[in-house]
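Step one of this worksheet: look at the structure below.
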Amino acid sequence: MSAIVLDTPFNAAGLLLGDAAPPMENDRPTPEDEALALDSALVARAQTGDAKAFDELVIKYSPRLYGLVYNMTSNHEDTNDLLQDVFAKAYRSLKGFRGNSKFYTWIHSIGVNMTINFLKKRNRRRAMSLDDLDGAIQNDAEFIELTSTTGPVREADLNELQQRLNESMMKLSEDHRAVVTMFDIQGMPHAEISQILNVSEGTVRSRLFYAHRQLQNFLDEFRKVKL
Amino acid sequence: MLEETDLQKLLRLKRYEQPPPAYFEDFLEEFQQRQRTEMLRQPAWQVAWERLGAYVGRVSLPRVAYHAATAAVVLTAGTVSWKILESDAGVPAVAGSSVKSSALADSTPVRGKAAALVLEDKFLSNAWEGAQHQVADTGSRTHYVMDAHPVSYEPAFSF
């Protein structure tokens, strides 16, 4: 059998030698990578004094930070004031942000720390000022499951149970409330929470375990009283 | 007791506790207003300094250029200061700002003779460099004594 002589050198993949290989699926930036890149660009612009860039960061992160602060304070007015302070502090401290962590982690750290300090300074518990439940809850799968005929909660009781849950949350310590808010309500992974709070993942897990037990006990007292 | 899974479902439903729809737009406006108010409270020099820093950050010159410029300014200032101090060291220190002149005790005509001037002055002028200087020590403080009249003091004509 005669050897096949090629005029042009091809590699085994059928590409001309010297050509770049086609991008593999794993090389394409993920949505998370793109989000991080966008944040880095906005932060860099904001650090040079570009106020519009910082405004974009405010627009992007205010809903999440609102949720964090609100669920720790259970008070809409306090949340609004605190959130203003959080972003003001972030703006003043922005030049010191070196990019060693994600901006997301950094600003959440500021939010959590300022909220915890605020709650510790406030000696007596303030009345709750709760936001209304968004109508979209009706379409939530877990809501439907919970309030189905075979579920543990009747829909009529759900509002009251939510109220009791909020009261129970306020009975937790600030540190335990923070981990419950970030993990259970906002869906953050343990690793991210540990970076924000600057504690180990083990500490995050143990705080969560303890907080869940406390909440179950508080709600159980409510259910016993109701019966 | 409420199962942990049911507890976690209840907790997740708290995500639906939301502020009114326009809240976050108003929030940004309130934040911008607050930033403007804080800026107005700052002293003018601080605002100018921050704006200078922002301008410098926008101009894409290499950092080393700014460091070099700062070093050059510091070096120049240091050299000038050193030269002033050095020229001060060759001349005795003087105090006060008034200039006194005292005529010689004898009645020797001024022309052709050195007149002594006692200067009490804080700053020395470089214009006196060519003059002959003599230090008169008065004990408590040194004086700067001029041997010769400056040319401008000599009368243009004599009788």
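Basis for what follows: all heavy atoms, side chains included, without hydrogens, waters or symmetry-related copies. Below, chains carry the letters A, B, ... as their sequence lines are ordered, and counting in each starts from 1. Fair warning: this is a prediction, and the values are worked out from it, not measured in the lab.
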Heavy-atom contact with chain B under 4.5 Å, split by part of [X]:
| X | value |
| --- | --- |
| Ile59(A) | side chain |
| His212(A) | both |
| Arg213(A) | side chain |
| Arg64(A) | neither |
| Leu133(A) | both |
| Gln216(A) | both |

Proximity breakdown for [X] and chain A, heavy-atom pairs closer than 4.5 Å:
| X | answer |
| --- | --- |
| Gln35(B) | side chain |
| Glu30(B) | both |
| Leu7(B) | side chain |

Which heavy atom in Tyr16(B) sits nearest to a heavy atom in Asp140(A), and how many Å separate them? OH-OD2, 2.6 Å

Evaluate the criterion side-chain contact (heavy atoms from CB on, under 4.5 Å) for residue pair Gln186(A) and Arg12(B); output intermediate values, then yes/no. CA-CA 7 Å; Gln186(A) 297 202 302; Arg12(B) 276 196 286 277; over 6 Å; no

Is the shortest side-chain heavy-atom distance between [X] and [Y] below 4.5 Å?
| X | Y | answer |
| --- | --- | --- |
| Tyr66(A) | Phe24(B) | yes |
| His76(A) | Tyr23(B) | yes |
| Glu142(A) | Gln8(B) | no |
| Phe143(A) | Lys9(B) | no |
| Asp184(A) | Leu10(B) | no |

For chain B, which candidate among Arg45(A), Gln84(A), Gln162(A) shows the most heavy-atom pairs at distances under 4.5 Å? Gln84(A)

With respect to chain B, which residue among Val58(A), Asn71(A), Asn80(A), Val180(A) yields the maximal number of heavy-atom pairs within a distance under 4.5 Å? Asn80(A)

Are there more than 12 heavy atoms of other residues, nucleotides or ligands under 6.0 Å from atom NZ of Lys60(A)? yes

Counting neighbours of CG on Asp33(A) that are heavy atoms of other residues, nucleotides or ligands and sit closer than 6.0 Å, is the number greater than 12? yes

Determine whether Phe31(B) and Leu83(A) satisfy the following criterion, side-chain contact (heavy atoms from CB on, under 4.5 Å), listing intermediate values before the conclusion. CA-CA 9 Å; Phe31(B) 178 72; Leu83(A) 206 56; over 6 Å; no

Cationic N near anionic O, under 4.0 Å, Asp85(A) to Arg34(B): yes

In this structure, which one of Ile185(A), Asn166(A), Asp134(A) forms a side-chain contact (heavy atoms from CB on, under 4.5 Å) with Glu17(B)? Asn166(A)

To the nearest 0.5 Å, how far apart are CZ in Phe54(A) and CD in Gln32(B)? 11.0 Å

